[in-house]
Every structure is written in structure tokens, then in C-alpha cells.
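Please read the structure below before turning to the comments.
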2 protein chains.
Amino acid sequence: MQVRMKDVAKKLGVSVATVSKVVRGHPDISPKTKERVQSIIKELNYRPNLAARSLRAGRSQMVGLVVPDILHSFFAEIAKGVGNRIHPKGYNVVLFSSEESPELEIEGIESLLARQVDGLIVATTLTEAQSDVFRRIDEQNTPYVLVDRKIPGLQANYVGVDDEEVGALATEHLVQRGNRRIAHIQGPEISTAYERLKGYLGALARHRLTMPAEYIVKVGSSDVIAEDHGLQAMCRLLALPERPDAVFCFNDLAALGASRAILKAGLRIPADIALIGVANMPHLDMLGVPLSTIDQSSVQIGDRAAKLLLRRMESASGSRPTRIYIPPKLIVRASSAIPPSTRGEMKKAEVLPQLVAMERRK
Amino acid sequence: MQVRMKDVAKKLGVSVATVSKVVRGHPDISPKTKERVQSIIKELNYRPNLAARSLRAGRSQMVGLVVPDILHSFFAEIAKGVGNRIHPKGYNVVLFSSEESPELEIEGIESLLARQVDGLIVATTLTEAQSDVFRRIDEQNTPYVLVDRKIPGLQANYVGVDDEEVGALATEHLVQRGNRRIAHIQGPEISTAYERLKGYLGALARHRLTMPAEYIVKVGSSDVIAEDHGLQAMCRLLALPERPDAVFCFNDLAALGASRAILKAGLRIPADIALIGVANMPHLDMLGVPLSTIDQSSVQIGDRAAKLLLRRMESASGSRPTRIYIPPKLIVRASSAIPPSTRGEMKKAEVLPQLVAMERRK
DNA sequence: TTGAAAGCGTTACCAA
DNA sequence: TTGGTAACGCTTTCAA
């Protein structure tokens, strides 16, 4: 059924060793034999069995990619970056979506290790307490690269943005625009959320601004359902005696939810409350109020992670972990764009047309 | 380095055959041996080498998934559906993104076949002329399922929506709302585009409406850059002596581009031009004018495709191709929602507030 | 330049 | 119920 090397060899009266060498472009083969073998390979439509090759060679030419949710455009972009980098090198991507479940993630990683992937790229949902999977990966001498999320206390290759800088960049921007009551809708229990919070607090401190404790609202759960949580968090902020004039949201999904809450309350963005998210998700520049955000160059994160992994897979193991930080980029759109001088002076009726005009000029 | 079955067997003084049976849950093993073996497996952290198993068993427990672009939410949703269905069955997904390139797609499929995947799910970019890859897949006796896009003349398992119905549903809706000059921004050279066009034409015919030939504008290229093309196509429509009062766009991305063009021209959606797309992409309900669309239940498409594939992989080959159609769902939002009676009677200034109010009521 | 043969880690058949 | 052993298709070493 399947054409094997043996079949090609038999048809030509040469040995399988010869065919094997031709297939892999091994040098010591006469041009004539090479050509004859190649023509038979074409004729029989022979394809080497990569399972056999993996077993024999001890390398599978596969890379495992574990993400919390492939639906989140951020992770899809990472997947794209990884694929585009490694496919030309003859590797395939085995994708595992952990659905934000640590247990599933561990199962996924184990299954990929069993598959003998040559390396792993992981956007992890695991906490420090669950991180022994990574030590098990190390034991196997399988290189891996963490992307987006880090695990405190784990020395590992990492590619992502500096999330403290993300938080600082966003908050700084809101301050520059004259906002003085800046709240933060915080993300779930992952490193990115902590560091963005740290950046937010740092920026406030630099400007000697202090906020009431209730201005930091915790989004209880994962990235995926962040929209609902953003909405709920925003509702809580709106109920405060003195409501914020700007909100830095953990990510764009949270900002989306927050903006729903703001509009529902009959308030205006950014005239009443300015908003900024993180991720630069596609098409959010076409929202009713285009959303300001921080771009993380996610395709590039995937690309760089794959590049780093390729290097680690090729070289002998043992080099110290590398951390690569991609600079975040502030993208200012209407949701945080109204200059502070205008604030308060605008009549309600003026706001929407202005936004529409702003959009048109683009 | 790697723990092998042999190591487990040696440590316990049993044979590898026994260990193998325990690992796979083979019945004739005494409870006592089973337990002892299992405890050693845990202790040594043994994981079966799936490359070896694949080679020996002739089945890899991997499914190949080929999509034109994982960034497109539609395909990411399919990937999610597939993964969620097959992971619990012990399969892994090998993902290949063809970047809308037929050549790359063929390479990708070949690499997956070489990897001995047990089955393939493909959203193809190939035309009938290039379809012999699929016959080669058949020769290998590897089952495959096409999703979203069909190839004319190729008898194959298929899961998707009935795109003619999609086109009819969208067009019918625009007609119902009182639109009489309904244009269509057509998709690229793929089955879905043809069939949506067919549905559009059918619906118009049923209502005895005829449109000028220029009302059908061809988007030259792939799904991915459909936003630019939608914009260009819309510009052409706007330049016509009698411009349309509604546009059925091949997909949401094209509609996004079209709406950019409409707003730039200083026109209003839907007061001047109503718009509807296809795909129900996430978050487009939060656009300045929320976008009407047709939902394709894409996660379900992935799920059903995987289910069908599992059946085909388990049963002996030879059954006739199955085609599964998921019913499309019309989702009416503001971009096509203004009742026809209001049309023309509204002053420009009234439109935006109305839309905002509409959004708030949600 | 070519080929024979060992062996990668597993499974499955058959014998004990 | 257990174990010996021959494959699975390929790579690689070493000899011819």
C-alpha cells in the first residue's frame, strides 16, 4: 500500500542504503545513480516515512505549540509566526490548545513529549507550584521557550514584551492626556497581569498620583472570558462615589467589556472616561470608538520564539536561558485621544460627530 | 536519557511484552503485575515513545489540519472545534497554515502524509486542476474531510454550510428590508464565493429584481486581504451613476473594508447603504455600526469534521463520501436594521444618535 | 561509490 | 498469565 524505500531499491536493483542517501542528499553518490533513484522516487511517488525516520534518527522534526486558546487572536498570531519560521526548515507544528486549563496543559505537554517533539513553545497557564512539568521537559533534554507568560522562579527561555513597560506606557499615556483618576482593570493570576499592574503603579508613583484602592479591580479569570469580566469590573468602577476618568484595561477584551458598560450607563468614551487596552486585536480600530491599545508584535513573538528554539535544538544543550523582550508600541486611537483641554468643555452632542470626523480623517 | 520500556521491564524483572500490555491496558495481565508495573512507570516517569508506536502500529494518532490562514477567526474556530473533539481520544493536531498559497498547501499536505497522519481536515485553496493531491491522499487510504471550501468534481467528505443558502439568506433579508438596489461584493476563486453569488442571484430572481452588471464586483484575492479589496470594491460601487442602497459582502472582512469606504465618502450605514457580511467574526457587534452577518457555526464545523474523520479512521475504508451541511443563521444588527419605511425620511443628524441608542438598548 | 546489517522502541504473534 | 522474538521503515557504520 505505502511505497517504501525497499520498493524503490528493488525496482532499481540498488540497496536501500543508496536510496536513503539520495533521499537525504548525502554527498557520496554518483550523479548517475542519484538521478536514476530520483526518477524512480517520482515515478512511484515515494514519500519517506517520517515516523520511522524519527525513531531511527531520534529527532522528529516536530515542534509542539501549547497555547491557552487559539481563538484569542494574540495566540493565533503567535502560531502564525512560529509556523512561518519553522515550516521552511522542514518542521511541523503540533498544536495544543489548553483551553486555559492547567490540567489540560500538563496533559498536552506530556502528550507532545511522548510524541518526541524536538522542542516546545508554551504560553503557559501554570503557576510556580505546578511548574515541575518544565523540569521534566528539561530532564528529557527537550528545549522549550515560554512565550507571553513567565513562571516566577523558573529559569527558562522566554520571548515576549516587557509587561511592566506595557503597563507604564499605557498609564503614562493616560496621565499625559490629563487624566487624574486612573483606574486599572486587572487580569487573572498570570505574570503578564502582575507586571502590567506593576507598570501602572510605577507610572502613577512617578507622577505622584495616588488612587483609592477600589480603583484596581481584579478580573477573576482567564483571558478568554475577559470581556464579561471587563464589563463587571467596569460596573463596579462606575458605582464608586468618585468614578475614574480613565481606565487602563489588562487587555483589549477587558476594554471591550468595559466600553459596553460605559455606553450602557449612558456615558461617553473618552469624554467621560478614557480607555486603553492591550493586544492590538484586529479590527478594533473600527469600533464605535476606536480603541487605544498597546501592540505586542505577537507574530514577531512567535517568530523569535521559533528562531530561538531552532537554535537551541540545533546546538548541544546546556546554554543558559535567553530572554528576549520585544518593545511594546503605544497605539493611540479615539478611546483615549481627546486632548485634556477639551475635557469637560464639550457638550454631549458634540462628542459623537467629533469621533466620526476623527474616524473619517484616517 | 529517555526511559524506555526495556528499563521498566529490567527494573522489575519482567519482559517488555508484559510492560507493553500494561501500558495499553491489555486484558490478560494479573492485577498484581499490573500494579507493580504501573508503580515503576510512575517512579521512572516512563512515557511510551509514540514515534516507535506509530511505526509499529501503522497509526500515528495524529490528525493533520490544513487551513489557509490561522489568523482568520473562522479557521481558528475550526481548529478549536477539531482539537476539542480529538484530544480526548488521544489524537494530536498537526497544524499547517497554507497562507492561501496552493503550492504551500500541497507541500503541507505532502509533509503531513509523510508524517503518517491518520487523517486530514483541509480548508483548501486548491482548484479542480490542482486536485490530484487529494487523489494521492486516497491512494494512501488516508481519510480526509474538506471543510468550508469544496472542489468541484471531487467526491469527498465535506462539512460546511450551504453557501448558496448563505447568499440567499443575506439577500432575502436585504430585500425584506425594502432595499431595491442590492449589490454584491464577490469573493475570490473558491467554491464558497461562487455559491454565495448563486444564492444572491437566486434570491433576486425570486423577487423579480434585476441589477446592473456593475453591481457585482469581484474581490480579486484571498480571504485574508479581503478588507482592502472590500474597500476598493465599494469605491467602485460608490462611483456608479446610480449607487446601490444595500450591499451583500462575501464576508465580514470585505464588509469591514466596504464600511470604511462608505464612511470615508461621508455616507451613512445603513441610512444610505445597508451592509451585511458573512462569518460572524467576534466583536463586530461593537463596531460603530454593528455589522449584520451570517453565522456559520464554525466551531461546530470543526467539531463535526473531526467526528466524521474519526469515524472514517476507525472503520475500514471504502464508504461513500458524506456531506454535512450546518444551517447558516442570519444575525441582524444595525448595519442592515433600519426599517425601510424610515429610509429617506431621516435627516442626517438623526442617524447617529439613533444607532447609539440602538446599541445601548442591547 | 555502494551495500550489508544492526538497531531505534514499540507491538503482536505464538510458545511456554 | 507471561515472555521471546520478529517485524515496522528508516539511518548509519563499516566493509567491500
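Remark: the Arg56(B) side chain and the dT10(C) base include no donor-acceptor N/O pair separated by less than 3.5 Å. Residue Arg53(B) places no side-chain atom within donor-acceptor reach of the base of dT10(C), judged by atom type and a 3.5 Å distance cut-off alone.
At a threshold of 4.0 angstrom between heavy atoms, the contacts of Ala57(A) with the nucleic acid are absent. Among the heavy atoms of the strands lying under 4.0 Å from Arg24(B) are primed sugar atoms or P, OP1, OP2 only; no base atom is included. Across all strands, Asp28(B) comes closer than 4.0 Å to base atoms (heavy-atom distances). Note on Ile29(B): only backbone sugar-phosphate atoms sit closer than 4.0 angstrom, heavy atoms only; bases stay farther off. At a threshold of 4.0 angstrom between heavy atoms, the contacts of Val14(A) are confined to the sugar-phosphate backbone, with no base atom among them. No engagement by Ser54(A) is indicated, since no non-hydrogen atom pair under 4.0 Å with the nucleic acid exists.
Considering only the side chain of Ala17(A), dG3(C) comes nearest among dT10(C), dG3(C), dC10(D). Closest to the Ser30(B) side chain, of the nucleotides dT13(D), dT2(D), dA12(C), is dT2(D). In the set dG3(D), dG9(C), dT5(D), the nucleotide with an atom closest to the side chain of Leu55(A) is dG9(C). Counting only heavy atoms from C-beta on, Asn49(A) has its side chain closest to dG9(D) among dT10(C), dT13(D), dG9(D). Listed candidates were dG9(D), dT2(C), dT10(C). Nearest to the side chain of Met5(B) is dT10(C).
Residue Thr18(B) has a polar side-chain atom (N or O) positioned under 4.0 Å from OP1 or OP2 of dG3(D). In this model, the phosphate group of dC10(D) is not approached by any side-chain N or O of Ser20(A) to a distance below 4.0 Å at OP1 or OP2. At dT2(D), one or more side-chain N or O atoms of Thr33(B) fall inside 4.0 Å of OP1 or OP2 (strictly under the cut-off).
Using a 4.0 Å cut-off between charged nitrogen and carboxylate oxygen, Lys80(A) and Asp303(A) do not count as a salt-bridge pair. Remark: Glu100(B) engages Arg149(B) in a salt bridge, criterion side-chain N to carboxylate O under 4.0 Å. Note on Lys11(B) versus Asp7(B): no salt bridge recorded, every NZ/NE/NH1/NH2 to OD/OE distance being 4.0 Å or above.
Whole-Å rounding puts the His26(A) NE2 to dT12(D) C1' distance at 8 Å. Taking atom NZ of residue Lys10(B) and atom P of nucleotide dT2(D), one finds them 21 Å apart after rounding to whole Å.
We find the CZ-CG distance between Phe75(B) and Leu95(B) to be 12.0 Å, quoted to the nearest 0.5 Å.
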